[in-house]
Structures are given as structure tokens and as C-alpha cells.
Participant: 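Below are the C-alpha cells for one structure; questions will follow.
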Amino acid sequence: MAADRLLGAVNSLWRTHGRDQMSARLVAQNAHAQASQINYYFGSFEQMLCSAQADAIAQAILWCDETLSRFGRFDAGTLPPEALGHMLAALIDDWCRGQADLAFAWTECQMLAARNPDFIDARRQWHGLWVRFWDEVAERTGMTAQAELLRLFFNGESFLHRIRWRETFDRACLSETCVAWARALRDGEAGAGPLRDHARRETQRFAAPVLVDGSVHA
């Protein structure tokens with residue numbers, strides 16, 4: 001059906017173009033539909049975007065349910081921070097890699113809601129599904145008191161992990177970061193981070209120097 005194809009095209013274009021570069025013509029081309037069908041099925045271009053967000057939220061809820069069905073339950077006293085860190089890294093990587101279109105739809109919604117009230121309800125729904133998901137993960141890992149911290153950490157790392165520069169290295173850095181964070185959460189000490197230290201040194205090698213106004217260098 002053309003309406004479903006249009007929604008699917010929007011959810012793919014969140015990742016490749018974002019709202020700012022998305023147009024009715026582009027969506028229609030990717031959906032193999034006519035641009036006029038957008039108004040026919042949805043009433044307006046913006047309403048189609050809202051419908052696409054609702055579709056993405058429904059798919060994200062399915063991902064949460066399926067993930068929890070495979071998650072299991074752990075005793076907090078026997079779950080070392082390293083194990084928790086690797087589990088968090090696996091969840092973040094699966095969301096950002098396996099559900100990349102949804103990950104970008106989520107972040108686009110946050111930005112859209114900041115300037116368009118039509119997307120505020122969708123932002124609330126995204127927030128609600130993540131609260132429910134991380135409350136359940138926290139309960140299953142004996143970390144109920146840290147549920148909000150788990151969710152906020154997931155939010156930040158998922159935003160950063162959506163785009164990978166060097167696939168293997170980035171995935172290893174994610175695991176290292178998650179393990180360090182779990183250690184800090186449980187023991188108060190993050191421990192060593194050799195991969196992050198290496199990445200920082202590499203970045204500094206290519207960083208542009210600070211230019212002072214009026215200097216010969218500037």
C-alpha cells in the first residue's frame with residue numbers, strides 16, 4: 001500500500017537526510033509513489049512525519065519487548081560490573097546497528113519537538129517507552145535504584161554510537177566505556193581506559209591549533 005511505503009521511506013530518510021533535507025518529492029521518490037498521495041493519505045507533509053514517528057515508536061516497543069524476552073534475570077550480588085558493562089554495550093550496539101532507522105527517528109523526534117509542538121506527544125511516547133524498558137532492565141539486574149541513570153547513560157551513548165568511524169575500534173571503545181561506567185556506578189572507580197586514551201591522543205595529533213585574533217598564525 002502506498003501509505004505504508006511512504007511511512008517506510010520517511011523512517012529510512014530520518015537516518016540519511018533528517019527532517020531538514022527531507023521533502024515531499026524525495027519521500028515520494030523513495031516510496032515509489034506520487035507526491036500528491038501524501039496529502040491524500042495523511043492530510044499534509046508534517047502529519048505524515050507525525051505518523052511515521054508513531055510507526056517508529058510502535059516498532060521500538062516491539063524491539064524492547066523482544067529484547068526483554070531474551071534478557072533473563074540476574075542477582076545483583078553475583079553480577080560483576082564488567083558483566084553489566086558488556087550487557088549494556090550489547091544493548092546499545094544492537095539498538096544503534098540493528099535498529100539504525102529507529103535510532104535516528106528517535107533523535108530526530110527530540111529535535112523536532114523542540115521547535116514544533118506537533119511532535120511533543122511523540123517525544124513523550126519515546127520517553128515513556130524508554131522509562132518502562134530501563135525500569136525493567138534495572139529490576140532484572142538488581143539495580144532498581146539506578147534505573148534513571150541507566151536510561152540516561154543509554155541515551156547519551158546511543159546518540160554517540162549511531163555513527164561509527166572505525167567499526168571494530170568504535171565497538172571496542174563502547175564496551176570499554178560501558179564497563180568503566182558500570183565500575184564507577186558500583187564501586188566509585190572507573191578504572192583504566194586504554195582505548196579511549198589512545199583515541200584521545202590520535203585526536204590531539206590532528207586537532208587544529210587555537211588561533212589567536214591578530215596573531216601571525218591566524
Side-chain angles (χ1 to χ4, degrees), residues 7-8 11-12 14-15 50-114 119-164 170-191 193:
L7 292 179
N11 282 330
S12 295
W14 293 127
R15 174 164 45 141
C50 290
S51 297
Q53 280 293 326
D55 184 62
I57 290 167
Q59 293 182 57
I61 291 172
L62 288 176
W63 179 84
C64 289
D65 292 343
E66 292 171 0
T67 299
L68 288 172
S69 72
R70 302 189 300 266
F71 195 81
R73 191 174 295 274
F74 304 88
D75 182 354
T78 62
L79 186 65
E82 292 77 10
L84 174 63
H86 287 300
M87 289 164 59
L88 289 174
L91 286 174
I92 293 169
D93 190 59
D94 185 48
W95 170 250
C96 293
R97 185 203 302 261
Q99 308 297 325
D101 288 348
L102 301 182
F104 276 86
W106 171 37
T107 52
E108 281 288 319
C109 184
Q110 313 313 303
M111 293 184 286
L112 286 168
F119 293 90
I120 291 176
D121 185 58
R123 181 174 64 183
R124 290 195 186 112
Q125 291 182 56
W126 279 110
H127 176 77
L129 78 85
W130 289 129
V131 168
R132 290 189 295 274
F133 178 77
W134 287 104
D135 280 352
E136 182 65 21
V137 171
E139 194 276 328
R140 294 189 186 197
T141 54
M143 299 184 67
T144 304
Q146 290 85 18
E148 186 175 6
L149 288 175
L150 288 170
R151 179 178 61 80
L152 292 174
F153 179 80
F154 171 80
N155 289 359
E157 286 301 312
S158 292
F159 180 80
L160 295 172
H161 196 60
R162 291 174 310 153
I163 300 173
R164 266 69 59 86
D170 292 344
R171 179 61 179 84
C173 280
L174 175 65
S175 286
E176 183 182 83
T177 299
C178 290
V179 168
W181 185 81
R183 287 193 194 117
L185 194 64
R186 290 283 186 86
D187 305 330
E189 294 289 339

Participant: Just checking, is any N or O donor in the side chain of His161 or Asp93 under 3.5 Å from an acceptor N or O on the other one?
Facilitator: yes

Participant: Please find the pair of heavy atoms, one from Ala113 and one from Ile120, that lie closest to each other, and give the distance.
Facilitator: O-CG1, 3.9 Å

Participant: Is there side-chain contact between Trp134 and Asn155, with at least one heavy-atom pair below 4.5 Å?
Facilitator: no

Participant: Cut-off 3.5 Å, side chains only: do Arg162 and Ser158 have a donor facing an acceptor?
Facilitator: no

Participant: If you define the side chain from C-beta out and look only at heavy atoms, does anything of Arg183 sit under 4.5 Å from Glu189?
Facilitator: no

Participant: Distance from Trp181 atom CH2 to Arg186 atom CZ, nearest 0.5 Å?
Facilitator: 10.0 Å

Participant: Is any NZ, NE, NH1 or NH2 atom of the basic residue among Glu136 and Arg140 found under 4.0 Å from an Asp or Glu carboxylate oxygen of the other?
Facilitator: yes

Participant: Considering non-hydrogen atoms only, spot the tightest contact between Ala60 and Leu102 and give its length.
Facilitator: N-CD1, 3.9 Å

Participant: How long is the gap from CD on Glu176 to NE2 on His86, to the nearest 0.5 Å?
Facilitator: 10.0 Å

Participant: Looking at every non-hydrogen atom in both residues, tell me the closest pair between Cys64 and Leu129 and how far apart they are.
Facilitator: SG-CD1, 3.7 Å

Participant: Kindly compute the distance separating CZ (Phe154) from CG (Leu149), expressed to the nearest 0.5 Å.
Facilitator: 15.0 Å

Participant: Side-chain contact test, heavy atoms from C-beta onward, threshold under 4.5 Å: evaluate it for Asp55 versus Gln59 and give yes or no.
Facilitator: yes

Participant: Looking only at heavy atoms, what is the nearest atom pair of Ala122 and Ile57, with distance?
Facilitator: O-CD1, 3.6 Å

Participant: Going by heavy atoms in the side chains, are Trp95 and Thr67 under 4.5 Å from each other?
Facilitator: no

Participant: Do you see a donor-acceptor pair shorter than 3.5 Å between the side chains of Trp126 and Gln53?
Facilitator: yes

Participant: Looking only at non-hydrogen atoms, find the nearest pair between Ala56 and Ala105 and report the distance.
Facilitator: CB-CB, 3.9 Å

Participant: Where do Cys96 and Ala103 come nearest, in terms of heavy atoms and distance?
Facilitator: CA-CB, 4.4 Å

Participant: Is there a side-chain contact between Met87 and Val137, using heavy atoms and a 4.5 Å cut-off?
Facilitator: no

